[in-house]
Amino acid sequence: MSTLLRLATAGSVDDGKSTLVGRLLYDSKSVLADQLDAVRRVSEDKGLGHVDLALLTDGLRAEREQGITIDVAYRYFATPARTFILADCPGHVQYTRNTVTGSSTADVLVLLVDIRYGVSEQTRRHLSVGRLLRVPHVIVAVNKIDLVDYAEEPYAAVEAEVRRIADSLGVPDVWTIPVSALVGDNIVDRSARTPWYTGPSLLELLETLEPEDAVADSPFRFPVQLTIRPQGAAAPEFRDYRGYAGRIATGRVRVGDEVTALPSGRVTTVAGIDTAAGTLDEAFAPMSVTLRLADDLDIGRGELLASGSVPEASADLDGTVAWLGERPLRQGARVLVKHGTRTVQAVVRGVHGRLDLDTLAPTAADELALNDIGRVQLRLAAPIAAEDYASSRTNGSFLLIDPQTGASLAAGMVRASAEPELDADLLDWVI
């Protein structure tokens with residue numbers, strides 16, 4: 001079993017997401033005594049009759065004062081079974097961009113739904129984002145079961161709606177669990193107050209789920225961050241040294257392996273693998289290394305060293321994007337595309353519809369507004385070696401950046417297919 005699991009939490013406003021995360025940390029004994037004392041004091045100052053566990057994750061002063069989650073809060077905790085990295089994402093619509101950020105590297109998305117109100121537009125949006133980002137597992141925690149006297153019928157209704165939407169979006173692995181974040185039912189231990197529920201508790205499930213894509217077993221991809229060539233080195237072995245430093249995105253590499261430099265397409269072999277601790281015969285994702293090559297190639301930051309099924313470099317990019325900019329995205333807009341360590345100028349050639357989150361159907365649109373999910377075509381000033389996101393979450397993702405302010409405008413997923421038809425199958429259009 002993998003010892004590390006990355007999970008992200010999301011949900012609508014006041015669904016109890018931060019309380020659930022706090023309860024998970026508290027009941028798994030992952031809270032230090034001084035942290036708990038600080039939360040207890042703040043809870044008393046607010047006149048609460050209980051310890052507000054949501055304060056364990058709402059770290060910003062504005063979050064504590066307003067009672068909302070604004071930023072992504074990362075927390076680390078461990079059980080005897082495994083270690084977790086948790087990204088607690090905001091629920092407000094205007095902070096959906098942070099939810100995209102927190103979910104982009106997650107193995108599991110824990111989505112909260114208030115059992116009293118059922119599935120909301122934010123629920124559908126977060127399920128769509130999870131599917132677009134290819135999060136391997138989705139857990140829907142149906143919260144506040146204590147407020148409906150632990151009745152099975154309201155839970156069954158929410159579960160049926162969740163599964164209907166998940167099936168429409170093609171979410172491959174979705175679980176539902178009735179929980180009470182405030183009281184602790186089915187968070188760490190199974191609750192005797194829900195005898196009709198026979199599944200695992202939230203923590204039991206998190207301890208058994210496995211990441212689907214092992215990056216170390218994928219084809220080798222190495223975005224070059226820096227060319228290292230010491231100037232005026234005194235040691236003879238470094239006078240002619242040329243290495244290419246970076247972090248292995250996927251796969252593994254050995255001395256003697258044949259690699260292709262992209263976008264140039266030049267082929268060479270790996271002559272050496274260097275680290276701060278010394279040389280290696282083999283390295284794998286996500287290690288940071290410096291590669292020496294057998295040939296003296298003109299390689300700089302932004303290029304990609306690859307082996308196996310080498311992607312084709314192209315200046316045309318089709319993708320699905322979650323638009324995070326305040327101004328709408330329209331045809332003709334000029335943006336920067338950041339893919340790996342490479343950033344190039346681009347122009348939007350077309351916007352080809354967006355996903356209607358009420359009907360879960362693609363609709364015609366010539367622009368994307370804040371938090372819209374849609375399809376776009378881009379023309380790049382220089383080619384990049386991107387892959388279909390369906391085959392590589394790492395090499396198939398990109399960002400759109402405002403060239404004037406440097407602000408992030410969209411999170412994008414590369415599509416291998418061309419312009420979609422609006423009457424195409426929903427799964428083909430979305431993913």
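Here, residue 1 is the first one in the sequence, and each next residue gets the next number.
Between the side chain of Thr208 and the backbone N or O of Leu205, at least one donor-acceptor pair lies under 3.5 Å. Between the side chain of Arg124 and the main chain of Ile165, no donor-acceptor pair closer than 3.5 Å is present. Counting only distance, with no hydrogens or angles, the side chain of Arg23 and the backbone of Leu182 share a donor-acceptor pair below 3.5 Å. In terms of modelled atom types and a separation under 3.5 Å, the side chain of Asp107 and the main chain of Arg6 share a donor-acceptor contact. For Lys144 (side chain) and Asp146 (main-chain N/O), no donor-acceptor pair under 3.5 Å exists by modelled atom type. Listed for the Tyr155 side chain is a donor-acceptor partner under 3.5 Å among the backbone atoms of Thr176. A donor-acceptor pair is defined here as one N or O able to donate and one able to accept, closer than 3.5 Å; such a pair exists between the side chain of Thr341 and the backbone of Gly302. A donor-acceptor pair under 3.5 Å is formed between the side chain of Ser201 and the backbone N or O of Val188. Panel note: side chain Thr250, backbone Pro219; a donor-acceptor pair is recorded below 3.5 Å. Of the possible donor and acceptor atoms, one in the side chain of Asn395 sits under 3.5 Å from a partner among the backbone N and O of Ala385.
Scored by the salt bridge (Lys or Arg N to Asp or Glu O under 4.0 Å) test, Arg247 finds no partners at all (sequence neighbours excluded). With sequence neighbours excluded, the residues forming a ring pair (Phe, Tyr, Trp, His ring centres under 6.0 Å) with Phe84 are Phe77, listed by chain and number. Taking the side chain to side chain contact (heavy atoms under 4.5 Å, CB included) definition, one finds that Pro383 meets it with Pro263, Ala313, sequence neighbours left out. Considering only residues two or more places apart in sequence or on other chains, Asp185 meets the salt bridge (Lys or Arg N to Asp or Glu O under 4.0 Å) condition with Arg193. Not a single salt bridge (Lys or Arg N to Asp or Glu O under 4.0 Å) links Arg334 to another residue, sequence neighbours left out.
Side-chain contact between Leu209 and Ile139 is present, with heavy atoms from C-beta onward closer than 4.5 Å. Counting heavy atoms from C-beta outward, Phe398 and Val414 have side chains that approach closer than 4.5 Å. Within the 4.5 Å cutoff, side-chain heavy atoms of Leu203 are placed close to those of Thr79. Asp316 has its side chain within reach of Arg379: a pair of non-hydrogen atoms, C-beta onward, lies under 4.5 Å apart. Side-chain contact check for Ser307 versus Val253: every heavy-atom pair is 4.5 Å or farther apart. With contacts defined as side-chain heavy-atom distances shorter than 4.5 Å, the pair Pro136/Asp173 does not qualify. Side-chain contact check for Met287 versus Leu280: some heavy-atom pair is nearer than 4.5 Å. In this structure the side chain of Leu24 reaches within 4.5 angstrom of the side chain of Leu206, judged on heavy atoms.
Note on residues 254-265: pairs passing salt bridge (Lys or Arg N to Asp or Glu O under 4.0 Å), not counting sequence neighbours, are Arg254-Glu282.
The existence of a salt bridge linking Glu161 and Arg164 is confirmed by a sub-4.0 Å separation between a basic side-chain nitrogen and an acidic carboxylate oxygen. Ion pairing of Glu367 with Arg330 is present here, as a side-chain N (NZ or NE/NH1/NH2) and a carboxylate O approach within less than 4.0 Å.
Side-chain N/O atoms of Tyr150 and Ser180 include no donor and acceptor closer than 3.5 Å.
Nearest heavy-atom pair across Ser128 and Leu355 is OG-CD2, 3.7 Å.
Remark: Arg327 CZ is loosely packed, at most 12 non-hydrogen atoms of other residues, nucleotides or ligands lying under 6.0 Å away.
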